[in-house]
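One structure below.
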Amino acid sequence: MKSITCFIIRGADAEATRDNLLQCPLVGEVRIVGSLKSSTDIRMAAEAADTEFTLFYTKTFRLDWVHWSLERMVQVARDTDAVMLYADHFIKIDGAVRNAPVIDCQSGSLRDDFDFGSVLLFRTDALKAAAATMVENYKFAGLYDLRLKVSRIGRLEHINEYLYYEVETDNRKSGEKQFDYVDPKNREVQIEMEKACTEHLKAIGGYLEPKFKDIDIDEGEFEYEASVIIPCRNRVRTIEDAIQSALSQKTDFKYNVFVVDDNSTDGTVDIIRKYAADSKLVYVAQDPTWHAIGGNWNAALHHPKCGRFALQLDSDDVYSDENTVQRFVDAFRLFRCAMVIGTYRMTDFEGNPLPPGVIDHREWTDDNGRNNALRINGLGAPRGFWTPLVRRLNFPTTKYGEDYAVALRISREYRIGRIYEVMYNCRRWEGNSDADLEIEKVNLNNTYKDRIRSWELAARIAANKNG
């Protein structure tokens, strides 16, 4: 009995992929279509499917199966009653075959670039039910909208078995891919994705109306108006530039610079000590227990000399000019907000601009920014925090996603201000912690950020229920 209707995208290898699919006795029909991105594409597929399951193959290159893989997907689908299934697989890159494990989809896996792989198996009744609720006519967000809608019907099941081979043509490093969502050329796509995500949040009770708590910006007694926070570990090549950038700021108020060293072993401490005579420098040497970036931030935040506003400067980056700290504090005073996020420029180690250039996160809006923040992978930089609040919240003790977690938590209740002038040069070099990660590390990072989103989403749903 035929159980699967397949939809594959037109391309040079479409016929070979169709032949491979038809070798499985469960496959009834294979339809070659122009795209699977739009709402029109999804409705068409849902209407045409007439078997128990519907398979989408979302790449144009040849798909090759591990033996009995389709049968395995159907078996798991029936055992779990999942509405959508996806699997680990292999990728072929320049003739080499590599493992491509994917991760479990959580409630907070709202990124539109979540990697399901290129093979998606839907329970057809769920596909039809989800497509029937589509009211928008997206050009780009149709498939994203579909998977959000089917997730409200049932479970998305990750089969952590290697079931097929696909071809990978994007050979850029992980540190280059991570900024695609803020590339201006993708703006039309991002507008649609935000709209689909916002609709989903409203449907599940996680949407937040644009209502914010006020703060008393002058709460507490502080010796310093602002503190630049530089956490570091083994940054002998870059820490001096960061320190000089921070110490050279011009302000009409008193500020200081925290350098929190987390047990460096490469000579970083010797460079920090060169500046010990500067009264603005506060050197914090961490004990040998686990701190990571979040713990280093907490050490500075709870220090008695921490200023009213705590401002980010990563140990391999520099401020764009000598007025960044002043602009931060002026923005806090103007917006009366709990957090301010600026604009940065991607550069190489010598300060030459790199694509995509200026990252200003102009997708942010006062009305919907904190909802869309659950979809995107970061809120921008440099970041400044109102110290009385983050002393109550604290950073998670991690070395990835710690700032995103705090920003999401703040945005749940408080307004975030934005500065759209370049304030910061984010320098890309081989020593960046995210410059070129193996897929397993990328998966760990993405799993953690999805977990952060899941926790935050649960808290927002609960807050809405409790009034």
| Looking at side-chain heavy atoms only, is the closest gap between Ile341 and Met339 below 4.5 Å? | yes

| request: Using a 4.5 Å cut-off on heavy atoms from C-beta on, say whether the side chain of Phe53 contacts that of Met73. | output: no

| Going from CD1 on Ile239 to CG on Asn234, what distance comes out if it is rounded to the nearest 0.5 angstrom? | 11.0 Å

| salt bridge (Lys or Arg N to Asp or Glu O under 4.0 Å) between Glu209 and Lys211, worked out | CA-CA 6 Å; Glu209 298 284 349; Lys211 300 174 182 178; over 6 Å; no

| request: Find out whether the Lys NZ or Arg CZ of Arg362 is both under 6.0 angstrom from the six-membered ring centre of Tyr420 and within 45° of the ring's axis. | output: yes

| request: Could you check if a side-chain atom of Cys337 sits within less than 4.5 angstrom of a side-chain atom of Ile416, using non-hydrogen atoms only? | output: no

| Does the pair Leu374 and Leu201 meet the rule for a side-chain contact (heavy atoms from CB on, under 4.5 Å), with working shown? | CA-CA 9 Å; Leu374 290 170; Leu201 292 175; 4.0 Å; yes

| query | Between Gln286 (side chain) and Asp261 (backbone), is there a donor-acceptor pair under 3.5 Å? | reply | no

| said: Does Arg31 qualify as a cation-pi partner of Phe7, given the criterion of NZ or CZ under 6.0 Å from the six-membered ring centre and within 45 degrees of its axis? | reply: no

| So how far is it from Leu444 CG to Leu437 CG, rounded to the nearest 0.5 Å? | 10.0 Å

| query | Which atom names give the shortest non-hydrogen contact between Tyr164 and Val66, and what distance separates them? | reply | N-CG2, 3.9 Å

| task | State, to 0.1 Å, how close Ile419 and Arg327 come at their nearest heavy-atom pair, and which atoms those are. | result | CD1-O, 3.7 Å

| request: Compare every heavy atom of Ala14 with every heavy atom of Ile8, then report the nearest pair and how far apart it is. | output: CD1-O, 3.4 Å

| query | Just checking, is any N or O donor in the side chain of Asn186 or Glu188 under 3.5 Å from an acceptor N or O on the other one? | reply | no

| query | So do the side chains of Arg111 and Asp450 get within less than 4.5 Å of each other, counting heavy atoms only? | reply | yes

| Considering all heavy atoms, the nearest Pro231-Leu313 contact | CD-O, 4.0 Å

| Hey, mind stepping through Ser315 and Ile230 against side-chain contact (heavy atoms from CB on, under 4.5 Å) and telling me if it holds? | CA-CA 6 Å; Ser315 58; Ile230 309 176; 4.1 Å; yes

| said: Apply side-chain contact (heavy atoms from CB on, under 4.5 Å) to residues Val442 and Asp115 and explain how you reach the verdict. | reply: CA-CA 11 Å; Val442 172; Asp115 183 13; over 6 Å; no

| said: Return the CD1 to CG distance between Ile159 and Leu85, rounded to the nearest 0.5 Å. | reply: 5.0 Å

| field | Salt-bridge contact Glu456-Arg409 (side-chain N to carboxylate O under 4.0 Å) | value | no

| Interatomic spacing from NZ in Lys195 to CG in Asn368 - rounded to 0.5 Å | 11.5 Å

| task | Would you indicate whether the side-chain heavy atoms of Asp125 and Glu52 approach each other to under 4.5 Å? | result | no

| query | Under the salt bridge (Lys or Arg N to Asp or Glu O under 4.0 Å) criterion, do Asp81 and Arg123 qualify, and how do the steps go? | reply | CA-CA 8 Å; Asp81 202 30; Arg123 208 177 67 208; 3.0 Å; yes

| said: Quick check: do Thr238 and Arg427 have side-chain heavy atoms less than 4.5 Å from each other? | reply: yes

| request: Using a strict cut-off of less than 4.0 Å between a Lys/Arg side-chain nitrogen and an Asp/Glu carboxylate oxygen, indicate whether Arg235 and Asp266 qualify as a salt bridge. | output: no

| Among Phe116, Phe122, Tyr86, the one residue meeting ring-ring contact (aromatic ring centres under 6.0 Å, His included) with Phe56 | Phe122

| message | Are more than 12 heavy atoms, taken from residues, nucleotides or ligands other than Lys139, located less than 6.0 Å from that residue's NZ atom? | response | no

| field | Sidechain N-carboxylate O distance under 4.0 Å for Asp41, Lys37 | value | no

| Between Tyr424 and Thr324, is any pair of side-chain heavy atoms under 4.5 Å apart? | no

| Side chains of Asp64 and Asn20: do they bring a donor and an acceptor to under 3.5 Å? | yes

| query | Judged by modelled atom types alone, do Thr5 and Glu29 share a side-chain donor-acceptor pair under 3.5 Å? | reply | no

| task | Check for a donor-acceptor pair, side chain of Asn466 on one end and backbone N or O of Ala462 on the other, with a separation under 3.5 Å. | result | yes

| message | Using modelled atom types and a 3.5 Å cut-off, is there a donor and acceptor pairing between side-chain atoms of Arg453 and backbone atoms of Gly108? | response | yes

| field | Backbone of Pro210 reached by a side-chain donor or acceptor of Asp367 within 3.5 Å | value | no

| said: Looking at Phe385, I'd like to know if the NZ or CZ of Arg391 sits under 6.0 Å from its six-membered ring centre while staying within 45 degrees of the ring's axis. | reply: no

| How long is the span from the CE atom in Met134 to the OG atom in Ser38, to the nearest 0.5 Å? | 9.5 Å

| request: If the plane angle is over 60° it's perpendicular, under 30° parallel, otherwise tilted; pick one for Tyr448 and Trp455. | output: perpendicular

| Candidate pair Arg43 and Asn137, rule side chain to side chain donor-acceptor pair (under 3.5 Å), full reasoning | CA-CA 10 Å; Arg43 294 190 193 99; Asn137 287 311; 2.8 Å; yes

| field | Heavy-atom side-chain proximity of His200 to Arg152 below 4.5 angstrom | value | yes

| Side-chain donor-acceptor pair present, His291, Asn296, cut-off under 3.5 Å | no

| query | Do the side-chain N and O atoms of Thr124 and Thr54 include a donor-acceptor pair separated by under 3.5 angstrom? | reply | yes

| message | Salt bridge check, Asp112 against Arg375: does any charged N sit closer than 4.0 Å to a carboxylate O? | response | yes

| message | As a quick check of understanding, evaluate side-chain contact (heavy atoms from CB on, under 4.5 Å) for His89 and Leu163, giving each step before the final call. | response | CA-CA 5 Å; His89 49 280; Leu163 298 186; over 6 Å; no

| More than 12 heavy atoms from other groups under 6.0 Å of CD on Gln75 | yes

| Are Lys149 and Glu199 ion-paired here, with the side-chain N under 4.0 Å from a carboxylate O? | yes

| message | Working note: Tyr414 + Phe212, criterion ring pair (Phe, Tyr, Trp, His ring centres under 6.0 Å); need CA distance, chi angles, decisive distance, verdict. | response | CA-CA 5 Å; Tyr414 300 94; Phe212 305 94; 9.1 Å; no

| Between atom OG1 of Thr397 and atom CH2 of Trp297, what is the distance when rounded to the nearest 0.5 Å? | 14.5 Å

| request: Check whether the side chains of Arg237 and Thr268 place a donor and an acceptor atom closer than 3.5 Å, and report yes or no. | output: no

